[in-house]
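Notes follow the structure.
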Amino acid sequence: FTNMGDSVMLLPMTLRDGKPETIGHPFYISGGRKVEAVADTTRRVSATLIRKYPISPGKLNGYAQMPGTRIVAGRDSGFRNPVTLYTLTDVPVFHNTAYVTPKGRYRCLWVETDPPVRHYMDSLVAYGPDGKAIRSKGKQNLDFGRRVEIARIDYYPRHDGNFVEPGDDYELTWWDGTEWRSLGKRHSEGYELRYDNIPQGALLLLHDLTKGKEERPFTLQNGRQVWW
């Protein structure tokens, strides 16, 4: 073969009786050298997974423009006379938490930005001093219907639904040379999944069994997901 792309994971196959059949390990070309992804079942590793599909450059660019975004509150209905409760100083990820200052009781909660800061917020969730979510109308502009004490705000930038999310069921699989084999199903209680006993060097695939279709194979490098 000629003109093969660099750093593209490939799986060599043939047709036997009209059906595809593997004839080698997955591999990629790096600097003109063939590198195989061979699962070593005698050596096992652990990993914490946060996504099932690589994040797009457009999303990363949107996140990079969010520092300076303000989460503000109003004491009366109408989203007027804002009091700044939190200002983003760092580039956010999917799930982020802000602890509220100054303390007070508020009717509404919303997001404000000034150019060149970009409004890229997807949703807000407010929590009271008891740690329970406060019921409200709206997703970005929250109206609680009455004045409530806010102790914490979880905020989420716009996203593609491919982060690990609480309440979803997942399954991690690895390529054994002929088929995908399961490393177990998990019900997510948070925003990451911990898997142990993963064959070292294996090509992996994480399925969201609850929703969504996008998924991409990956390998692990120093415990981090490397997408193909």
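When a residue number appears, it is its place in the shown sequence, counting from 1.
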Discussion item. Under the side chain to side chain donor-acceptor pair (under 3.5 Å) definition, can you give me all pairs with a residue in residues 109-120, not counting sequence neighbours?
Written reply: Arg70-Glu112, Arg70-Asp114, Trp110-Glu112

Output side-chain donor-acceptor pairs under 3.5 Å for residues 52-59, partner residues at least two apart or in another chain, one line each.
{"residue": "Lys52", "atom": "NZ", "partner": "Asn162", "partner atom": "OD1", "Å": "2.7"}
{"residue": "Lys52", "atom": "NZ", "partner": "Glu214", "partner atom": "O", "Å": "2.2"}
{"residue": "Ser56", "atom": "OG", "partner": "Lys59", "partner atom": "N", "Å": "3.2"}

Practice prompt. Verify the cluster assignment for Tyr191 and Met121: are they in a single hydrophobic cluster under the rule of side-chain heavy atoms below 4.5 Å apart?
Written response: yes

Worksheet item: Do other residues, nucleotides or ligands put more than 12 heavy atoms under 6.0 Å from Arg44 CZ?
Response: yes

Discussion item. Less than 4.0 angstrom from a charged side-chain N to a carboxylate O is my criterion; do Asp169 and Lys185 meet it?
Written reply: no

When the side chains of residues 72-80 are checked against the rest of the protein, which donor-acceptor pairs come out under 3.5 Å, sequence neighbours left out?
{"residue": "Asp76", "atom": "OD1", "partner": "Arg147", "partner atom": "NH2", "Å": "2.9"}
{"residue": "Arg80", "atom": "NH2", "partner": "Ser77", "partner atom": "O", "Å": "3.4"}

Discussion item. Strictly below 4.0 Å, N to O, side chains only: are Arg186 and Glu171 in salt-bridge contact?
Written reply: no

Discussion item. So does Pro166 get a backbone contact from the side chain of Glu189, meaning a donor-acceptor N/O pair under 3.5 Å?
Written reply: no

Discussion item. Main chain of Val117, side chain of Thr69: is a donor-acceptor contact present, judged purely on distance under 3.5 Å?
Written reply: no

Fill in: Asp17 (side chain) donor-acceptor with Lys19 (main chain) under 3.5 angstrom
no

Worksheet item: Linking Ile, Leu, Val, Met, Phe, Trp and Tyr by side-chain heavy atoms under 4.5 Å, what else ends up with Tyr99?
Response: none

Show the atom names and distances, to 0.1 Å, of all donor-acceptor pairs under 3.5 Å that link a side chain in residues 194-201 to residues at least two apart or in another chain.
{"residue": "Arg194", "atom": "NE", "partner": "Asp196", "partner atom": "OD1", "Å": "3.3"}
{"residue": "Tyr195", "atom": "OH", "partner": "Leu172", "partner atom": "N", "Å": "3.4"}
{"residue": "Tyr195", "atom": "OH", "partner": "Gly184", "partner atom": "O", "Å": "2.7"}
{"residue": "Asp196", "atom": "OD1", "partner": "Ser46", "partner atom": "OG", "Å": "2.6"}

Worksheet item: In the hydrophobic clustering (ILVMFWY, side-chain contacts below 4.5 Å, transitive), which residues join Trp180, or is it alone?
Response: Met9, Leu11, Met13, Tyr28, Val35, Trp175, Leu203, Leu205, Val226, Trp228

Worksheet item: Are Tyr156 and Phe94 near enough that their ring centres are under 6.0 Å apart?
Response: yes

Worksheet item: Does the ring of Phe144 carry Arg107 above it, NZ/CZ under 6.0 angstrom from centre and within 45° of its axis?
Response: no

Worksheet item: Less than 4.0 Å between a side-chain N and a carboxylate O, is that true for Lys213 and Glu215?
Response: no

